[in-house]
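For reference, the structure discussed in these notes is given below.
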Amino acid sequence: MPETAVDILARERSHLIKSRAALQRMQQHTANLEAFGGDHVSTEHLKQALYRRMKALEDDPNVPLFFGRLDYDASLGAEQDETLYIGRRHVTGEAGGEPLVIDWRAGMSRPFYQARPGQPMGVRLRRRFGFSHGQLTAYEDEDLTGPGEAAHSDIMESEIERPRTGPMRDIVATIQPEQDSIVRAGLSQSLCVQGAPGTGKTAIGLHRAAYLLYAFREQLARSGVLVVGPNDSFLSYIADVLPALGEIDAAQTTVTSLVCQANGVTVRGFDTVPAALIKGDARMAEVLHRAVWSHLGTATAPLVVPRGAYQWRVGAYLTAEVVDELRQRGVRYEAGRVMLPQRLAHQVLLRMEAGGDSPDDRVQDAVARSKPVRAYADALWPTLDPVKLIIKLLTDAEFLAAAADGILSPEEQQLIMMSKPPRSAAAARWTLADVILIDEAADLLQRTPSRGHVIVDEAQDLSPMMLRAVGRRATTGSVTVLGDLAQATTPWATRSWQESLAHLGHPDAAISELSAGFRVPGAVIDFAARLLPQIAPALRPPHSVRRHRGELDVRSSIRIDDELVEAIRQTMRNEGTVGVIVAEAAVPPVRKLLNNNQLDYDLLGEAPEIFDARTDGASKETDGAQLRKPILVPAALAKGLEFDHVVLLEPAEIVAGEPDQVTGLRRLYVCLTRAVTSLVVVHAAEMPAALVA
C-alpha cells in the first residue's frame, strides 16, 4: 500500500522529534565539558569557545529545526542514494554520528537552493516543510528529474509573506538561487549588491556573514567579521538574525559607533550641510596627509652623541637623508617616528667602527635609547595626537591654509573652521564628520587593524570619507557592500557604486543588481516606482515576484487628523507589525494626536530595543479584537526596516523635509517601500506630481 500524506507527515514529525532530542544531547554534552588549558589565558580561551558552542546549539522551539529535505540519487550523479534534512545547524545522532540535520551552509545543502529540473545536481526530490510554532504542519515535493520549469512553492510563498511580530528573521528557508550565489561567494571575493526594495539585500549580507563564518572559520577566527548598519534602530532590528543561525562572533555597529569607540570621542554636535559636504569630501584625505607630515622638522645642526671619552657626530645632511629614506618607504607616521632613533644610532655606530671600535647590536640599542638621540629624533619627528591635530586644523587658519593650499578654496576652508577653539579635546562639540577626520588622521599615524570581512549596509548614504573609514577596516580582507542608489538620502550620498568602491579601497568588487522583490507587494512597489525616473533613471525598475499584489489605499481628506486615526485603527486589526511613517516635523503633533485618542504606540528612536517582544501591549481601542501597538516612525529612521502594514502621512511633507527635491523624493521612495502587505497613504496636501498617475 502506498504511503499516504498522513503517514509521510507522521514520519517526518518523528524525525523532527528525534533531531530535537539529539540537539539537546549535543548541548548537554557541551555543558558537561570543562575547560583546562596550559595557562590562565588558554583556559579562558577554551571557556569562551565552549560558551560560543553552547550558544550555537541553543534550540528555539518556535523555530523549525529543519525546513527542507533532499533525496540524493546515485543514478543522477550523486555519490550514493541518501536523504538529507536541511536546517539552521548541524545535528548528529548517537549511533555513529549520522547526520540528522545538515547545516544550510554545507556544500551538500546547496542543491536545496540551486537545483532545478534539468539541472538536479544529483537530487531526485526536493521537499519543503511548512511549520507553525515550530511544529511540522505540511510538506510539498518537487521532482527534479524531469524537464520543465521550477515548480511554484506555496510553502515558500507563505513563508515569505508570513506576518512578522518582531525583529528581522532569517530567510534560510526561502533563499533564492541568485541570492544564494551571492551568499556563498568566497571569502577573497568582494561584492557590491545594488538591490531594490524587498530584494532581500540586507538578509543576503547577514546570511553571507553566517556563511563565511562557517566556511572560513579558521581564517576568520582572529580577524573576524564586521557588520556596519545605518543606525542603532536598524541594528536592533537585525540583531537576532545571526544568533538564530548559530553565529555570535560577528560584530555589529554603526559608522558613528565605529569611529567614536576607536578614537575615544563622542559626537555631540552637527554640521551645516555645506560644511559636512566639504569634511566628507575625499579631498580632505590629502589635506590631512599634508597636515600630518608637515610636522617633520629639518635638521639644522649635527647630532652629537657623547660615548665614553668621545663625542660622535652625524651631520645634518646625513640625518636629512635618513628622514627622506623613511618617508620613501611609505611607513605610517608613528612607525617612522619609532624607527628614526635606530636609524640615527646606526649612523653613530658607523662612525664608531670607522674610529676603530667594534660595537654590536646592544650598543646600537643603547645609543638609540640615549637622551641625545631621543631628543634629536623628537625634534625632527615629533609625537602627534590625532584629536589635537584636528583641533589645530579646524581652529588655526594658517595651518589649514597651508595644508589645504590648492585643494580647498579659501571659502571652503572658512566653512569648516570651528567658530571658536574648544577649551579642551573633551569639551569639543565634535560632529560625525569631525570624528571621521580624526579617524583618518589616526590611520595616518598608525595603521587601523583590519577585519577578515566587512559588510556595510545602506552604503549609498556614506560620504567618501566615511567609506574610507569603513574601508580601512578591510585593507587585508574583503567587503560586501549593500545598498540602493534610489534610496540615497544624504547630501553626500554616492553617485555610483564604482565611486564608492574606489573610496572603500576595493575598486574591483563585482557588482550585482537585484530587481526582483520578494517582500514588497506589486501594488506598493509599482506605486513607489513612479518616482524612479526622477530619483534614479539609470536603474532597472523593480518588480514583485509575489502572486498576491498586496493592498494600496490612497486617502485624501481635509479632516486629516480623523482620517489618520481611523487608518491606524483599521490597520491595527490586521495581523503583523504596523508602522506609522511621518515627516520629522510631524512627529510631535502626531504624538499628541495619538495620545489624545488613547492610541498606545512606540516611538522609533526612543529606545533601540523597540523591536524586542513586539507582541506585548494591547491598544486601548477594543471592538472585539486585541490590537497591537503601532510603531511611530520618523521618516529619517525608516530605511532598512520592514512592517507588515504601513500608514504613511502626507507624502509632500516628507519630500519637503529634505534639503532638495530629489533627496526628498528618494526619502519618500524609502518610506513607501517599507510595507510587506499593505500601504495606506493619508494626505490633505497635494501629492507629489511624480506619484500622480
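Position 1 is the first residue of the sequence, and the numbers go up from there.
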Between the side chain of [X] and the main-chain N/O of [Y], is any donor-acceptor distance below 3.5 Å?
{"X": "E563", "Y": "R555", "value": "no"}
{"X": "D457", "Y": "T202", "value": "no"}
{"X": "D660", "Y": "V662", "value": "yes"}
{"X": "D396", "Y": "K392", "value": "no"}
{"X": "R549", "Y": "P521", "value": "no"}
{"X": "Q413", "Y": "L408", "value": "yes"}
{"X": "Q179", "Y": "T199", "value": "yes"}
{"X": "D439", "Y": "V435", "value": "no"}
{"X": "H207", "Y": "I175", "value": "no"}
{"X": "S190", "Y": "V479", "value": "yes"}

Exercise for the section: Check H506, H453, K201 against T480 for a side chain to side chain donor-acceptor pair (under 3.5 Å) and give me the one that passes. Expected result: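 Filter result, single survivor: H453.
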Exercise for the section: Mind running side-chain contact (heavy atoms from CB on, under 4.5 Å) on V259 and L432 for me, showing each step along the way? Expected result: CA-CA 9 Å; V259 295; L432 175 56; 4.2 Å; yes
Heavy atoms only: give me the nearest [X]-[Y] pair and the separation to one decimal.
{"X": "M417", "Y": "L393", "value": "SD-O, 4.1 Å"}
{"X": "I390", "Y": "L437", "value": "CD1-O, 3.8 Å"}
{"X": "A262", "Y": "R473", "value": "CB-NH2, 3.4 Å"}
{"X": "L191", "Y": "I182", "value": "CD1-O, 3.6 Å"}
{"X": "Q194", "Y": "L539", "value": "NE2-CD1, 3.5 Å"}
{"X": "V578", "Y": "F643", "value": "C-CD2, 4.1 Å"}

Practice task
Test D385 against K388 for salt bridge (Lys or Arg N to Asp or Glu O under 4.0 Å), laying out the working first.
Solution key: CA-CA 5 Å; D385 176 86; K388 293 179 180 178; 5.7 Å; no
Report the distance from atom [atom1] of [X] to atom [atom2] of [Y], rounding to the nearest 0.5 Å.
{"X": "I278", "Y": "M284", "atom1": "CD1", "atom2": "CE", "result": "9.0 Å"}
{"X": "L594", "Y": "K629", "atom1": "CG", "atom2": "NZ", "result": "12.5 Å"}
{"X": "Q252", "Y": "S236", "atom1": "CD", "atom2": "OG", "result": "10.5 Å"}
{"X": "I238", "Y": "L235", "atom1": "CD1", "atom2": "CG", "result": "5.5 Å"}

Exercise for the section: Test L462 against T494 for side-chain contact (heavy atoms from CB on, under 4.5 Å), laying out the working first. Expected result: CA-CA 7 Å; L462 301 183; T494 187; over 6 Å; no
Practice task
Verify salt bridge (Lys or Arg N to Asp or Glu O under 4.0 Å) between E412 and R283, making sure each step is shown before the conclusion.
Solution key: CA-CA 12 Å; E412 289 175 317; R283 293 177 297 164; 2.9 Å; yes
Handout entry: Candidate pair T254 and F234, rule side-chain contact (heavy atoms from CB on, under 4.5 Å), full reasoning
Key = CA-CA 9 Å; T254 64; F234 176 84; over 6 Å; no
Handout entry: Residues T577 and D644: side-chain donor-acceptor under 3.5 angstrom
Key =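 Result is yes, a qualifying pair exists.
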Exercise for the section: Answer yes or no: are there more than 12 heavy-atom neighbours, outside Q414 itself, under 6.0 Å from its atom CD? Expected result: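 Not more than 12 within 6.0 Å, no.
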Problem - Name of the residue among Q661, R667, E650 meeting side-chain contact (heavy atoms from CB on, under 4.5 Å) with V655 - result: Q661
Completion exercise
side-chain contact (heavy atoms from CB on, under 4.5 Å) with L679: of V676, T677, V681, only one passes, and it is V681
Problem - Derivation of the side-chain contact (heavy atoms from CB on, under 4.5 Å) call for V545 and H543 - result: CA-CA 7 Å; V545 298; H543 62 280; 4.1 Å; yes
Practice task
Could you note down all residue pairs passing salt bridge (Lys or Arg N to Asp or Glu O under 4.0 Å) where residues 424-437 supplies at least one of them, sequence neighbours left out?
Solution key: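 Pairs touching residues 424-437 that pass the test: K279-D434.
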Exercise for the section: Please step through salt bridge (Lys or Arg N to Asp or Glu O under 4.0 Å) for the pair K639 and D461, ending with a clear verdict. Expected result: CA-CA 11 Å; K639 188 171 296 182; D461 279 341; 2.3 Å; yes
Handout entry: Side-chain touch V554/L691, heavy atoms, less than 4.5 angstrom
Key = no
